Amino acid sequence: MATIVQKYGGTSVGNPERIKNVARRVLETQRAGNRVVVVVSAMSGVTDNLIRLAREVSEEPLEREMDVLLATGEQTTIALTAMAIEAMGGKAASCTGGQAGIVTDGVHTKARISSISPDEVNRLLDDGHVVVVAGFQGVTSGGRITTLGRGGSDLTAIALAAAIKADVCQIYTDVDGVYTADPRLVPDARKIPVISYEEMLEMASSGSKVMQSRSVEFANKYGVPFEVRNSMNQNPGTLVTRETMNMESVVIRGVSLEKDQAKITIAALPDRPGNAARVFSAIGSAHLNIDMIVQNTGRDGEARISFTLHKNDLKKAREVLEEAVRGIGERVEILATDGIAKVSAVGIGMRSHSGVAATMFKALGDAGINIDMISTSEIKIAVIVDEKSQENAIRVVHQAFRLHEAPLV
Ligand code: ASP
Ligand code: MG
């Protein structure tokens with residue numbers, strides 16, 4: 001008997017009909033002789049609505065209370081899903097994150113899982129239940145409700161799969177899998193049959209938000225293979241797994257676009273040990289996620305550091321930086337801009353093939369698209385472009401690597 005964790009995202013449980021669809025699929029899986037744990041998100045739009053509600057009563061809602069509020073979204077779905085399963089003659093029990101034994105640290109709205117004690121989940125499974133677990137939430141050891149960051153239900157599913165040693169983890173969503181590019185932007189994008197954790201991670205952190213990146217990191221760390229599939233059909237999805245030898249034959253697995261980026265430049269920073277640390281410690285203490293970092297040192301003993309971040313974090317970053325650089329040097333200046341986007345080409349095959357950067361830059365150049373910043377890793381080349389050319393940029397890069405026709409495995 002196999003143990004299967006299935007996660008259904010917001011659109012897959014977006015209305016009562018869809019919840020019944022999930023219930024039906026889950027029961028089929030159980031009746032085929034499996035033990036089934038279902039992790040669900042809030043119904044689509046619910047989390048956003050709750051956030052909006054909070055803003056209507058407070059400009060800066062307490063993060064502790066945000067978590068209490070947001071956790072209700074998933075709690076609604078677990079109850080409805082369990083009811084739907086029961087109504088179809090199945091046996092189901094819902095669990096909040098806390099009831100499923102998910103314990104986190106106390107960083108509200110972005111909590112990290114510190115341990116999982118799945119005794120209750122195992123007991124319910126042994127007793128023949130489908131166990132319906134609320135995604136995205138946990139409790140601190142002191143019993144406070146926490147949430148795991150937007151998209152955190154994926155993490156719940158993968159972490160639970162690891163904790164109960166599930167044989168299969170399936171992430172159901174509203175697309176057939178991971179594509180070579182977002183098909184809404186690039187019409188001839190294709191579904192990728194198999195992708196390594198590392199590539200998936202780079203794609204996710206570069207804007208291909210099929211899944212929350214922290215979940216992929218977690219899966220990589222604990223070696224949990226998982227499949228991204230469509231909840232509305234039976235099509236095979238994308239298998240995300242450890243890298244194998246033949247996966248290197250594909251040079252670029254996909255290209256992604258990260259919109260709504262912003263850039264901060266700290267100019268005329270005295271070129272002395274400790275200054276970069278001072279800047280980034282301030283950013284770190286504010287729990288802000290930053291992306292590309294570029295530093296240049298001029299001949300005048302002054303450095304210039306630029307980094308990118310989400311435009312929603314721009315205001316807060318600016319505030320903490322102004323505080324952090326106070327007294328560092330007279331000419332220090334903080335410049336902030338938004339209206340930029342990041343285009344990335346990702347593939348582990350890059351390690352063993354040359355000329356990849358040149359191909360990408362030429363495609364952009366030929367299309368008249370200016371490159372603002374460049375960053376590379378072993379398996380990724382990313383550029384910052386003006387948001388006005390973002391869609392054209394991803395199309396020409398996809399075309400340049402012939403992702404519409406080249407073999408994908
Ligand atoms: N409901 C949460 C969100 O919208 C978590 C999730 O869907 O995974 O971010
Ligand atoms: Mg979601």
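Numbers here simply count residues along the sequence, with the first being 1. Everything quoted here is computed from the prediction, not taken from an experiment. All ligand and atom numbering here is 1-based and tracks the order in the structure.
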Per-atom contacts, ligand 1 versus Glu74 - under 4.0 Å to a heavy atom =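 In order of number, 1 (N), 2 (C), 5 (C), 6 (C).
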Which atoms from ligand 1 have a heavy atom of Ser153 less than 4.0 Å away?
->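 Near Ser153, meaning under 4.0 Å from one of its heavy atoms, ligand 1 has 5 (C), 6 (C), 7 (O), 8 (O).
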Report yes if [X] has an N/O atom closer than 3.5 Å to an N/O atom of ligand 1; otherwise report no.
X: Arg150; value: yes
X: Gly151; value: yes
X: Ser41; value: yes

Hey, does the side chain of Gln99 reach the backbone of Thr96 with a donor-acceptor pair shorter than 3.5 angstrom?
->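 Yes; at least one donor-acceptor contact below 3.5 Å.
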With no hydrogens and no angle check, do the side chains of Thr72 and Gln75 hold a donor and an acceptor under 3.5 Å apart?
->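 On atom types as modelled, these side chains do not qualify, holding no pair under 3.5 Å.
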Decide whether the shortest distance between a heavy atom of Gln212 and an atom of ligand 1 is less than 4.0 Å.
->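 Checking ligand 1 against Gln212, which is what was asked, there is no heavy-atom contact under 4.0 Å.
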Any Gly10 heavy atom less than 4.0 Å to ligand 1 |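 No, Gly10 has no heavy atoms under 4.0 Å from ligand 1.
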Rounded distance [0.5 Å steps], NE2 in His398 versus CG in Leu257 |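 One finds 12.5 Å between NE2 of His398 and CG of Leu257.
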Could you list the residues that satisfy side-chain contact (heavy atoms from CB on, under 4.5 Å) with Met88, not counting sequence neighbours?
->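 Counting only residues at least two positions away or on another chain, Met88 forms a side-chain contact (heavy atoms from CB on, under 4.5 Å) with Lys20, Ala23, Arg24, Leu27.
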Electrostatic pair Asp176-Arg229, nearest N-O below 4.0 angstrom =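 Salt bridge: no.
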Kindly assign one of parallel, tilted or perpendicular to the pair Tyr8 and Tyr172, based on the angle between their ring planes and the thresholds 30° and 60°.
->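 Tyr8 vs Tyr172 ring planes: parallel.
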